[in-house]
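Contents: one structure, followed by commentary.
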Amino acid sequence: FNEPRWLPDGSSLMTWGRDLKGRSGIYRIDAQTGAVSFVTESPINRVQVSPDGRKIYYNIAQGGFAERDVASGAVREVLPRFASRGNPELSPDGRFLATVVDDARAKTSAVMLAPVAGGEPRELLRVSLPERFAAFANMSWMPDSQGVIVVKGNGDFEAPKPGDRLE
C-alpha cells in the first residue's frame, strides 16, 4: 500500500495498492477491523480524499484524473486526458486541482489549475525548457488554498538527498 489517506471521520483509510492477484487500484482499510476492500482500479499509486471525505480523487489511464463518490460509487472525469505529468494535487478546500503540463512542441512546462466542479483549466505559470516543473511529489498547496508551491529545475534537476544542504 502507498500513501494512505484518512477519511475525515477516522473510520478508514484510502490507499493505492496491489492485491495478491496483482490487481492495482484504490483500497479502503477499516481502521477498527483492518478489513480491506477494493474500491476501483487505478494505474498510479496515489489517492486523495476530499475535505468532507465524501469523494476520492485518483489518476486514470492516459493522464486523466477522476472523482469517485465514496457512497454511491459514481465516477466522473475531473481533469481531461491531456499531457499532465505526475499527480495532480487537490487544494485543502477541495475546490481545485493543480498539475504540471508539458508542451513538447512549444518546449514549455506549465503549472495548471483546474476547478473540481468543472470548467476549463487555467495556466498559473509557464517556463521554457530546459527549465521545467518537477511533477512527482514536488507540489504543495498553501493551507488557505490561495497558492501553490512548486519545484522548478533547470533541466539537470535532481531531488535533494538526505543530508544535502538547501540554500
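Residue numbers start at 1 and run along the sequence shown.
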Nearest heavy-atom neighbours spanning [X] and [Y]:
X      : Y      : value
Ser145 : Pro92  : OG-CD, 3.1 Å
Ser24  : Phe38  : O-CE1, 4.3 Å
Gly147 : Trp141 : O-CE3, 3.4 Å
Ser72  : Asp69  : N-OD1, 2.8 Å
Pro4   : Leu13  : CB-CD2, 3.8 Å
Met139 : Val100 : CE-CG2, 3.6 Å

Measuring from Asp93:CG to Ser50:OG, what's the distance to the nearest 0.5 Å?
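Reported to 0.5 Å precision, the distance equals 11.5 Å.
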Quick check for you: to the nearest 0.5 Å, what is the distance between Lys107 atom NZ and Ser128 atom OG?
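These two atoms lie 10.5 Å from each other.
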So, Arg5 and Glu3, do they make that salt bridge, N to O below 4.0 Å?
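Yes, Arg5 and Glu3 are salt-bridged.
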Side-chain (Gln48) to main-chain (Leu90) donor-acceptor, under 3.5 angstrom
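Side chain of Gln48 to backbone of Leu90: a pair is present.
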Check whether Ser109 reaches the backbone of Arg132 with its side chain - one donor and one acceptor, N or O, closer than 3.5 Å.
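Judged by distance alone, no pair lies under 3.5 Å.
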Side-chain heavy-atom pair [X], [Y] within 4.5 angstrom cut-off:
X      : Y      : value
Tyr27  : Thr40  : no
Lys152 : Leu125 : no
Leu97  : Met112 : no
Arg54  : Val70  : no
Val78  : Glu67  : yes
Phe65  : Glu77  : no
Pro121 : Leu113 : no

Would you list the pairs meeting side chain to side chain donor-acceptor pair (under 3.5 Å) in which at least one residue belongs to residues 28-37, sequence neighbours left out?
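Every pair satisfying side chain to side chain donor-acceptor pair (under 3.5 Å) with a residue in residues 28-37: Ser12-Arg28, Asp30-Thr33.
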Test side-chain contact (heavy atoms from CB on, under 4.5 Å) applied to Ile26 and Thr15, step by step:
CA-CA 6 Å; Ile26 308 297; Thr15 188; over 6 Å; no
Heavy atoms of other groups near Arg95 CZ, more than 12 under 6.0 Å:
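It does not: Arg95 CZ has 12 such atoms or fewer within range.
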Transitive ILVMFWY cluster of Leu129 at side-chain heavy atoms under 4.5 Å: who else is in it?
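Via sub-4.5 Å side-chain contacts, Leu129 links to none.
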Enumerate the salt bridge (Lys or Arg N to Asp or Glu O under 4.0 Å) contacts for residues 11-24, please, sequence neighbours excluded, ordered by first and then second residue.
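Qualifying pairs, neighbours excluded: Asp19-Arg23.
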Working for side-chain contact (heavy atoms from CB on, under 4.5 Å), residues Ile149 and Met142
CA-CA 7 Å; Ile149 298 170; Met142 299 297 291; 3.6 Å; yes
Would Val116 and Tyr57 count as a side-chain contact (heavy atoms from CB on, under 4.5 Å) if you check the C-alpha gap in whole Å, the side-chain angles of each, and the deciding distance to 0.1 Å?
CA-CA 10 Å; Val116 170; Tyr57 299 88; 3.4 Å; yes
Evaluate the side-chain contact (heavy atoms from CB on, under 4.5 Å) criterion for residues Met14 and Val47: first the C-alpha distance (whole Å), next the side-chain angles of each, then the deciding distance (0.1 Å), finally the verdict.
CA-CA 7 Å; Met14 290 288 190; Val47 63; 4.1 Å; yes
